[in-house]
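Remarks on the structure that follows.
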There are 2 protein chains.
Amino acid sequence: MVNTAQRRHRRSDALSKERIVAAAIEILDTQGENALTFRALTARLETGAGAIYWHVANRDDLLAAATDYVIAHAVTAGAGETDPQQAIRAIALGVFDAFNTHPWVGTQLAREPWQPAILHVFEGIGRQLQALGVPNLAQFNCATTLMGYMVGLAAQYAAGARLHLRATDRPEFLAGLAARWTQRHDAASYPFVHQQANQIATHDDREQYLAGIDLILAGIHTLR
Amino acid sequence: MVNTAQRRHRRSDALSKERIVAAAIEILDTQGENALTFRALTARLETGAGAIYWHVANRDDLLAAATDYVIAHAVTAGAGETDPQQAIRAIALGVFDAFNTHPWVGTQLAREPWQPAILHVFEGIGRQLQALGVPNLAQFNCATTLMGYMVGLAAQYAAGARLHLRATDRPEFLAGLAARWTQRHDAASYPFVHQQANQIATHDDREQYLAGIDLILAGIHTLR
DNA sequence: ACCTGAACACCGTTCAAGT
DNA sequence: ACCTGAACACCGTTCAAGT
């Protein structure tokens, strides 16, 4: 009753920052970062450019809001774990999977690391470090190392996704990359690259990412 | 003698990919990534847009070439070290300092991680891992973890530099960030953030970066 | 308070034309 | 072979005008 007057003046699909962010995420996920233009948004939301600017400061602000939304919804993962190491792994995998589903998030987070959602990840990791018995003074370095690793790797996976690497042609791409590298640089000058060529061509991103997390966790373990 | 005819047809300041890349790096370093436009380049090189496109495929190609140049010249660092751990630290610091001098490199490398110069870093790290006695099967994971960490952190420092954080106003910025975070989220729900607020405000990027490298090295040490 | 959409300044890239 | 520079298609953002 109270808001009848209000309702009368609103279209059922009234614009809002949430609706704009949702539309932006859909465009980003399906067509990539370059496809997110104000023209595309106005077309999809059936409005004018100025209407979007009423709810959003500019393109960067919109990108930040979209990133924050995705990360905030991904970080709830790992809350149920009891073992601190497992909890950190769960958080890390939650971040990884969010980046895989939304490749543009990695690039964005690498560009603007001080977004609110980051704080949730930082807090979540920090608690587990305390539970692990890491000394107070070392906790900051451990948390930032883990966060930096997660965000950094995420940006790189995003770069892979941007090259339209579907699951099917990814092996070919990596094989081609390894082949080009070993052909251009001889084994005498680049022994390590030649030795690891097969790994480069066949490795699994998720496994390798988790191996890095475990390596850092092993380093953290030595601090106790 | 042989090339007199050639020389006669060339302006003394003839265009070349090298000259274009050099001009691009200068613009990127002094005015930032957004200032690198073809208009700015043509003005500085006193030529037309088409002339640049004769030597360079497009803007991305130019950015990649500039990144490769900077990294290739940074990686020679650490070649003189005899202790493998010290050598890895030296390589890591070489990368860090290159990113600090050229903040745009971090963003670029996070976007396109498969650039030729990366191969040099990968090879350099790999050799030290072998010298460290890391088992063959684990060397790939160790090398990619270190590389991912370096590149990932670099992109984040670049984000800081992009906000025009000079050495003088950096402390204020970080203090303000920490203050905002602790004000918006209460100590009960975010104990770790509150506990670390002082570290966030006062930490040194280079030290913290190196602490991460050492943490990973400590983890690698457990593999032997 | 919220929305419209034309207009502005700017961009990467192309290409017919020159030397 | 290499360079010129106008032209094209497109972009983020602004703003006077509407409701």
Side-chain angles (χ1 to χ4, degrees), chain A residues 2-25 27-28 31-67 104 107-108 111-112 162, chain B residues 2-25 27-28 30-67 104 107-108 111-112 162-163:
Chain A
V2 182
N3 49 8
T4 327
Q6 273 183 36
R7 221 186 280 137
R8 193 179 298 139
H9 287 279
R10 266 188 208 163
R11 318 192 315 212
S12 60
D13 59 341
L15 261 189
S16 65
K17 185 152 181 174
E18 292 79 47
R19 273 195 70 225
I20 295 172
V21 167
I25 291 176
I27 292 175
L28 288 163
Q31 293 160 268
E33 197 169 335
N34 290 335
L36 182 68
T37 67
F38 279 81
R39 265 95 177 159
L41 267 179
T42 54
R44 180 178 284 252
L45 293 168
E46 294 176 312
T47 182
I52 295 175
Y53 277 92
W54 180 262
H55 296 277
V56 154
N58 50 39
R59 191 177 186 269
D60 281 345
D61 180 39
L62 177 55
L63 233 16
T67 303
W104 47 276
T107 320
Q108 188 53 26
R111 292 196 152 230
E112 305 280 347
R162 214 174 303 110
Chain B
V2 183
N3 49 8
T4 328
Q6 274 183 35
R7 220 186 280 138
R8 191 179 300 139
H9 289 278
R10 265 188 208 162
R11 319 192 314 213
S12 60
D13 59 341
L15 260 188
S16 65
K17 183 151 181 175
E18 291 79 50
R19 274 194 68 227
I20 296 171
V21 167
I25 291 176
I27 293 175
L28 288 163
T30 55
Q31 293 159 267
E33 198 171 333
N34 290 335
L36 181 68
T37 67
F38 278 82
R39 265 96 177 159
L41 267 179
T42 55
R44 181 178 283 253
L45 294 168
E46 293 176 312
T47 182
I52 295 173
Y53 276 94
W54 180 263
H55 297 277
V56 154
N58 51 39
R59 191 175 186 270
D60 281 346
D61 181 37
L62 177 55
L63 233 16
T67 304
W104 47 276
T107 320
Q108 188 54 27
R111 292 196 151 229
E112 305 279 346
R162 213 174 304 110
L163 294 182

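Values reported hereafter were calculated over all heavy atoms of this structure, with side chains retained and with hydrogens, waters and symmetry mates removed. Lettering follows sequence order; numbering is per chain, from 1.
- Rounded to whole Å, atom P of C:dC11 lies 14 Å from atom CD of B:Glu33.
- Counting only heavy atoms from C-beta outward, the side chains of A:Thr37 and A:Thr42 never approach each other to under 4.5 Å.
- For DNA chain C, each stem of at least three Watson-Crick or G-U pairs (distances under 3.5 Å) is given as range with range: C:4-8 with D:12-16, C:12-16 with D:4-8.
- The B:Ala49 side chain lies nearest to C:dT14 when the options are D:dG12, C:dT14, C:dG12.
- Judged by closest nucleotide on DNA chain D, B:Gly50 is the one of A:Ala57 and B:Gly50 placed further toward the 5' end.
- With contacts defined as side-chain heavy-atom distances shorter than 4.5 Å, the pair B:Val21/B:Val56 does not qualify.
- The residue A:Leu41 sits apart from the nucleic acid: no heavy atom pair falls under 4.0 Å.
- A donor-acceptor contact shorter than 3.5 Å is absent between the side chain of B:Arg59 and the backbone of B:Phe38.
- Within 4.0 Å (heavy atoms only), A:Leu62 reaches no atom of the nucleic acid at all.
- Here A:His55 reaches the OP1 or OP2 of C:dC3: one of its side-chain N or O atoms lies under 4.0 Å away.
- Rounded to a whole Å, the CG atom of A:Leu63 is 13 Å from the C1' atom of D:dG12.
- An OP1 or OP2 oxygen of C:dC3 is reached within less than 4.0 angstrom by no side-chain nitrogen or oxygen of A:Trp54.
- Look at CG on A:Asp61: it is 10 Å from P on D:dT13, rounded to the nearest Å.
- Atom CD1 in B:Ile52 sits about 15 Å away from atom P in D:dA6, given to the nearest Å.
- Nearest nucleotide to the A:Leu15 side chain, out of C:dC3, D:dC3, C:dA7: C:dC3.
- In terms of heavy-atom proximity, A:Ala35 sits nearest to A:Ala40 at O-CB, 3.6 Å.
- Atom CD1 in B:Ile20 sits roughly 11 Å away from atom C1' in D:dC3 (whole-Å rounding).
- Separation of atoms CZ (B:Arg19) and NE2 (B:His55) is listed at 9.0 Å; rounding is to 0.5 Å.
- B:Asn58 has its CG atom 18 Å from the P atom of D:dC10, to the nearest Å.
- Along DNA chain C, the nucleotide closest to A:Ser16 and the one closest to B:Ala51 are compared, and the more 5′ of them pairs with A:Ser16.
- Between D:dC2 and C:dA17, the two P atoms lie 22 Å apart (nearest whole Å).
- A:Ile27 places its CD1 atom 11 Å from the P atom of D:dC11, with the value rounded to the nearest Å.
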Inset, instruction - Kindly determine whether A:Ile25 and A:Trp104 satisfy side-chain contact (heavy atoms from CB on, under 4.5 Å), including the steps that lead there. - result: CA-CA 9 Å; A:Ile25 291 176; A:Trp104 47 276; 4.1 Å; yes
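- A:Arg59 places its CZ atom 18 Å from the C1' atom of D:dT14, with the value rounded to the nearest Å.
- Side-chain atoms of A:Asp61 and A:Lys17, non-hydrogen and from C-beta on, do get closer than 4.5 Å to each other.
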